[in-house]
Amino acid sequence: MKIPEDREIKGLVDHFIYTSADGTFKIFLLITGGKEVVCVGNCRDLEQGETVEAEGAYEMNPSYGLQFRVSSYRVVPPADAISMERYLGSGAVKGVGEALARRIVKTFGDDTFRIIEEEPERLAEIKGISMRKAMDIAVQLEGKRDLRDAMMYLGRFHISQNLSVKIFDRYGTGLYEVLQENPYRLAEDIEGVGFQTADRIAMEMGVSPDSAFRLRCGILYTLQQSMGEGHCYLPEEELLGRAAEQLSTVPELLRDGLRDLEAEMKVYRREDRIYSSLMYHTELNCAAGLIRIAGGIRENDTAGLSVEREVQRIAAEEGITPDPLQIEAVKKAAVNGVFLLSGGPGTGKTTTINLMIRFFMAQGMDLLLAAPTGRAAKRMTEATGYEARTIHRLLEVGGAPGEGGGRAVFQKNEDNPLEADVVIIDETSMVDILLFHALLKAILPGTHLILVGDMDQLPSVGPGEVLRDLIESGVYPSVVLREIFRQAAGSDIIVNAHKINRGEDIRLDTNSKDFLFLERNDSSVIKQIAVWMLRDKLPEYCHTERSEIQVLTPMRKGELGCLEMNRYLQSVLNPESPAKAECLSGENRFREGDKVMQTKNDYHLEWEILGKYGDVIDKGEGVFNGDIGVIKQISESGNFMKVEFDDRRLVTYPLGSLEDLELAYAITIHKAQGSEYPAVILPLLDPPRMLRYRNLLYTGITRARSCVVILGSSETVRGMISREGERRRYSSLKERILELEESRR
């Protein structure tokens, strides 16, 4: 059968065959030119009975035949009496059914819509329509006409249907005035409209590149972009330089705009540091929150002595011989409101946490344990025997109404705090300043807050360096564990990790039981060895499943980046098969059995945990950046894909909403923060210079519990060891803490 080449199609939406749970993806039957066409696509605001002009392409679905895949569409007024009757009777207009629609169109014919818009009172001439109902019908159609007009207008600027609806919801018919006066308001007012979108609209509308609105918005955009690099502020000259480059102008033209933003308190200045309003208040509120929590418990001299006796008793019962620093850590945690524990692998952090837990439980206290990721929480549970949750689940996260999946709302906060005597957070180096702020708001004075982590690992993906700033402030009691315990000293992973952290050379050969290096200088050979290790060698050697072994790379792109590695590993480890359903999403081909990762927080996605007999034993909302799972089912007829994540959460994705998933046979070292795997494979041949630094390598190898295999260049590995680290982030939580402490004296 020849596939039609038409790229545009117009017709009436007869009915919907399928609508995804979030209402975004739809399959519907379109009546066009006397024939029926099955259409598929993201058409969230399309309603039954509407007349639509759609762009896209015909395609042949192997299971369901010829269909038209919609790439964009716009709703248009019905052009004839038959279309008008179908539209009015479709349910699009409340209170008008098929019979009444038939009478309206029979009375007014092709003039029906003009009558409703210009002379709505004439609808009362029809039996069954009162004057009040006539006005209600007119108002409904008028409202829909405004939205349709807005979508058509915004479509000129290549704005998606969903985003057009958000813009219309925010401004109504005033959107035209907003766009004429200052299109950059879109970027400030509406989630999902970035500077680049607003800038494109402004340029198409003829706004001057040196417009004050553009320069101000460009400054805010530059600050927002810097948050993605981990910064909480930018030095003034660096901010102006970056913004000038972004805007293709000179820094001097931006100074007036910066002063205006300061006057409006959209940015804040501290000496030469410029903060966005969000980041300035977040740091300040975190400092205040820490003082509030720390002040809830006052240390006294005699308490420490009784704590030490109790710890020694617990250690004896557990068959543990703690060193003095571990005892000191438990004492400080017991008598202070805020306590910090840091240390590298093998230094006894887990043993110390267990001693703390046993001590607090012996005092009859209620504990809550949490970590930033699902894998880290699972590891914490296994290591302590006490349930740990992700911080998001601890704070009962949900999505902001009307915000899609992108913005979090935490049910636990200052008005609904956590009910616990002790809160212990592991892997705190991964916690960014925004999540830390949400956590502090939910903790009451009188609660012990214990923050545990390794400050030599990579910092959080989000802005800030929370753990390092807290320790370096010197305000809160802390213990840094540095001594490697005897049982850990037998692990070359741990010994080499500490050597790398100190910038010392390590042996690179195959003589170790758990730290192997294979010199290879051909990326295709490295890929083949990675497969051999994954499939044939490491599962038996480490007594684990293949799916538990993780390939970690420094970068996303390149021959050994995670994108290319994933394509190769999928083709070998989970090849195409008639027994496995698959689907396409952008450049990704997903197949049943694939290992996948969520790449963006989505606070609205629903999940459930099933029991032995398929019954739902738990459910909730929220899937988070870095969560890894396996594709259990792909159904084209049902238009869904089911993914089971590590903690048994089963999530159903509409096939049209897979943009936040990607293959995860290989992931970046940054994405592996907080996770631990039985074995790790690191291809390190020729990463970009910006990624050749010490704590990236340190973080990568410390993700492995039993075995590390490095494939690549010894020169690259030694070069990474010799480079101390990436540039420090612009973070000033330490200064905010010291300022507030000074002001209290």
Side-chain angles (χ1 to χ4, degrees), residues 282 286-287 289-290 292-294 296-297 329-330 332-334 336-343 349-357 359-361 365-384 386-397 408 410 412-413 417-462 464-471 473 476-481 624 626 673-676 733 737:
T282 298
C286 280
L290 285 163
R292 173 176 54 82
I293 296 166
I297 296 171
V330 181
K332 289 184 175 180
N336 288 283
V338 176
F339 172 69
L340 315 168
L341 176 66
S342 181
K349 290 198 305 292
T350 299
T351 299
T352 308
I353 293 172
N354 279 321
L355 285 172
M356 290 177 185
I357 290 172
F359 170 80
F360 286 121
M361 290 180 69
M365 294 184 172
D366 293 325
L367 283 81
L368 290 172
L369 275 60
T373 66
R375 270 190 170 264
K378 180 181 178 183
R379 181 155 55 95
M380 195 179 188
T381 299
E382 292 168 350
T384 64
Y386 200 88
E387 182 193 6
R389 287 173 273 180
T390 65
I391 299 173
H392 285 90
R393 288 191 71 183
L394 182 74
L395 299 178
E396 298 179 10
V397 70
F410 296 103
K412 291 295 183 181
N413 50 41
L418 294 167
E419 296 179 8
D421 300 304
V422 182
V423 176
I424 303 177
I425 305 296
D426 198 7
E427 297 288 356
T428 307
S429 62
M430 288 184 65
V431 179
D432 66 42
I433 191 84
L434 298 169
L435 183 58
F436 189 57
H437 180 222
L439 175 69
L440 294 180
K441 289 200 297 182
I443 296 178
L444 287 171
T447 303
H448 296 266
L449 174 61
I450 300 165
L451 302 170
V452 183
D454 180 354
M455 65 179 181
D456 293 318
Q457 282 191 33
L458 291 171
S460 57
V461 175
E465 283 192 288
V466 170
L467 183 62
R468 183 178 293 276
D469 275 352
L470 292 180
I471 290 175
S473 75
Y476 303 106
S478 65
V479 167
V480 179
L481 303 173
F624 307 109
Q673 283 176 266
S675 298
E676 184 181 77
L733 178 60
I737 291 169

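Throughout, numbering of the chain's residues begins at 1 and tracks the sequence. Owing to the predicted nature of the structure, the values given are computational and were not obtained by experimental measurement.
- Taking CZ of Phe359 as the reference point, atom CG of Leu367 lies at 11.0 Å (rounded to 0.5 Å).
- Of all heavy-atom pairs between Lys332 and Ser478, the closest is NZ-O, 3.5 Å.
- Summarising the geometry, atom CG belonging to Leu733 is positioned 11.0 Å from atom NE2 belonging to His437; distances are rounded to the nearest 0.5 Å.
- Using cut-offs of 30° and 60° on the angle between ring planes, the pair Phe624 and His392 is parallel.
- Met430 CE to Leu458 CG: the interatomic distance, rounded to the nearest 0.5 Å, is 10.0 Å.
- Taking every heavy atom of both residues into account, Ala383 and Thr350 meet most closely at CB-CG2, 3.6 Å.
- To the nearest 0.5 angstrom, Leu369 atom CG is 9.0 Å from Glu387 atom CD.
- Taken to the nearest 0.5 Å, the CE atom of Met365 stands 13.0 Å off from the CE atom of Met356.
- When each of Thr384, Leu449, Leu368, Ile357 is paired with Ile424, the side-chain contact (heavy atoms from CB on, under 4.5 Å) condition holds for Ile357 and for no other.
- Residues Ala377 and Ala371 approach most closely at N-CB, 3.7 Å, considering heavy atoms.
- With Asp454 contributing its side chain and Ser429 its backbone, the two residues share no donor-acceptor pair below 3.5 Å.
- Minimum heavy-atom separation, Asp432 to Leu434: OD1-N, 3.0 Å.
- Formation of a donor-acceptor pair under 3.5 Å by the Ser342 side chain with backbone atoms of Gly453 is found in this model.
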